[in-house]
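Worksheet: the structure to be examined is printed underneath.
All values reported here derive from a predicted model rather than from experimental measurement. Order of listing sets the numbers, starting from 1, for every ligand and every atom in it.
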Amino acid sequence: MLTVIGGGIIGLFTAWRIVRKRQCEVVIVDAPSDLPPATLASAAMLAPGAEGHLCAEALYRLGKESLLLYPYMLQELEQETGERVELTSAGTLLVAEGRGEVEWLRSRRDELSQLGEPYERLSGGEAREREPALASTIVEALHIPGDRTLSLPTLLQALRLALSKYQVKFLQERVTGLVEEAQVVIATGAWSAPLQGPQLFPNQGVVVELSHQRAVRHMIRSRHVYICPKGDGTMRIGASADYLGCDLRPRLGSAREIVNRAWEILPGIDQETFLALHVGLRAEGESCLPIVRRAKRVYWAVGFGRSGVLLAPWCGERIANDRDFI
Ligand SMILES: Cc1cc2nc3c(=O)[nH]c(=O)nc-3n(C[C@H](O)[C@H](O)[C@H](O)COP(=O)(O)OP(=O)(O)OC[C@H]3O[C@@H](n4cnc5c(N)ncnc54)[C@H](O)[C@@H]3O)c2cc1C
C-alpha cells in the first residue's frame, strides 16, 4: 500500500497518476484545516512564458514540459469522471504602464527571446484592440500566446472524483512521523519540517478573488500585479510575496497594493464584486527548482514555490513512472 501525505494539487495529481498506471492501493492523508493548502490560494496560471524570467531556465523547461502534458491529462480525467476542465487559450499580455516601464518590458522581451518562447510586440493601441478594458496608460505590450489557465476548483473536484473511482481512501489526519517500512509520497507543501524534510522557506502570498463579467480574455501582467480571468465567472488578482515564516494572517497593505495596482491597468475592475481574499504559503527550496527525489521508499515532492499547479502533471508522471519506487 502507498500512502500519499498531503492533499494539495501535488498529492492529488501524483496519487491519480500512480493509481491509474500501477493499480496499487493508495491512501491520501491530509491534515485538518489548520494547515491550509497553498493550492486553494493559487491563481492557477499555467504560464511558463510570463514566469520565465523569475528563475532558472531549467524551471522554464520543466514548466513547458508540464504544460504540454495538461491537455492529454485533462482529456483522460474527463473520460474517467465526465468532468470537463477547460484550458483557456488567449495567453498572457505583459504590459508596460507608462514610459518608465518600457525598459522593464524590453528586458522581459530579451529573456523571452533567449528562452525561445514565442511572443508578439504590440503598441498600447494594439493591446487595447485585443483587450479593450486596458487603461489608456498602457504604452506597450507583449502577447505570449502559449500561456494558459484553468479553473482550479473544477480540477480539484475532478481529481477527487477520479481518485474515489479508483477506490483511493482519504484520511483527515496530521502525520507526525514516518513508519520505517512504509512506502510514502510526501507532498506536504510548506509544512514539511516536522517530517524531517528538505529545508524550505515559506513565502506568504495573498490573492484577491473578484467576479468576472467575461470582459477580459487574457491573463494580464504588469511589473507589479497580475490579473487572471477564469472561464467560471471569477478572476484572481495578485499576488504579494512576503517571508513571514508560517504566518497565514494577510496584511491589509498587501491586499490594498494588489487592488490599487490592478485598478491602474484595468480600471473596470471597480465594477466587479469582491468575492474572497485567499492566503497561501508557497514552499520555496534553496534553488527555485522543485524537490522531487526519492530516498528508498520515501518520495519527497515539495518546494514547488510559485509553480506547483503548472508542474503537477510533470511531478505525477515522474513519480508514477519510477519503476524502482512502485
Ligand atoms: C498566492 C499564490 C498564488 C499562486 N499562483 C500560482 C499560479 O498561478 N500557478 C502555479 O502553478 N502555482 C501558483 N502558486 C503556487 C502553488 O499554489 C503551489 O506551488 C502548490 O499549490 C503547491 O501544492 P502542494 O500540493 O505542494 O502543497 P499544498 O497545496 O500546500 O498542500 C499541502 C497539503 O499537505 C497537507 N499537510 C501538510 N503537512 C501535513 C502532515 N504532517 N500530515 C498530513 N497532511 C499534511 C496540508 O494540509 C495541505 O493540504 C501560487 C501560490 C500562492 C500562495
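- Note on Glu117 versus Lys64: salt bridge recorded, some NZ/NE/NH1/NH2 to OD/OE distance being below 4.0 Å.
- Pairs engaging residues 31-40 under the side-chain hydrogen bond (donor to acceptor under 3.5 Å, both in side chains) rule: Asp34-Arg174 [sequence neighbours left out].
- Nearest approach of Cys246 to Pro202, heavy atoms of both residues: SG-CG, 3.8 Å.
- Annotation: ligand 1 has protein neighbours Ile5, Gly6, Gly7, Gly8, Ile9, Ile10, Val29, Asp30, Ala31, Leu35, Pro37, Ala38, Thr39, Ala41, Ser42, Ala43, Ala44, Met45, Glu173, Arg174, Val175, Ala187, Thr188, Gly189, Trp191, Gly205, Val207, Tyr226, Gly280, Arg282, Phe304, Gly305, Arg306, Ser307, Gly308, Val309, Leu310, each with a heavy atom less than 4.0 angstrom from the ligand.
- Distance check: Leu46 CG to Glu51 CD gives 10.5 Å after rounding to the nearest 0.5 Å.
- With sequence neighbours left out, Lys230 forms a salt bridge (Lys or Arg N to Asp or Glu O under 4.0 Å) with no residue at all.
- A search for side chain to side chain donor-acceptor pair (under 3.5 Å) contacts involving Trp263 returns Asp270, not counting sequence neighbours.
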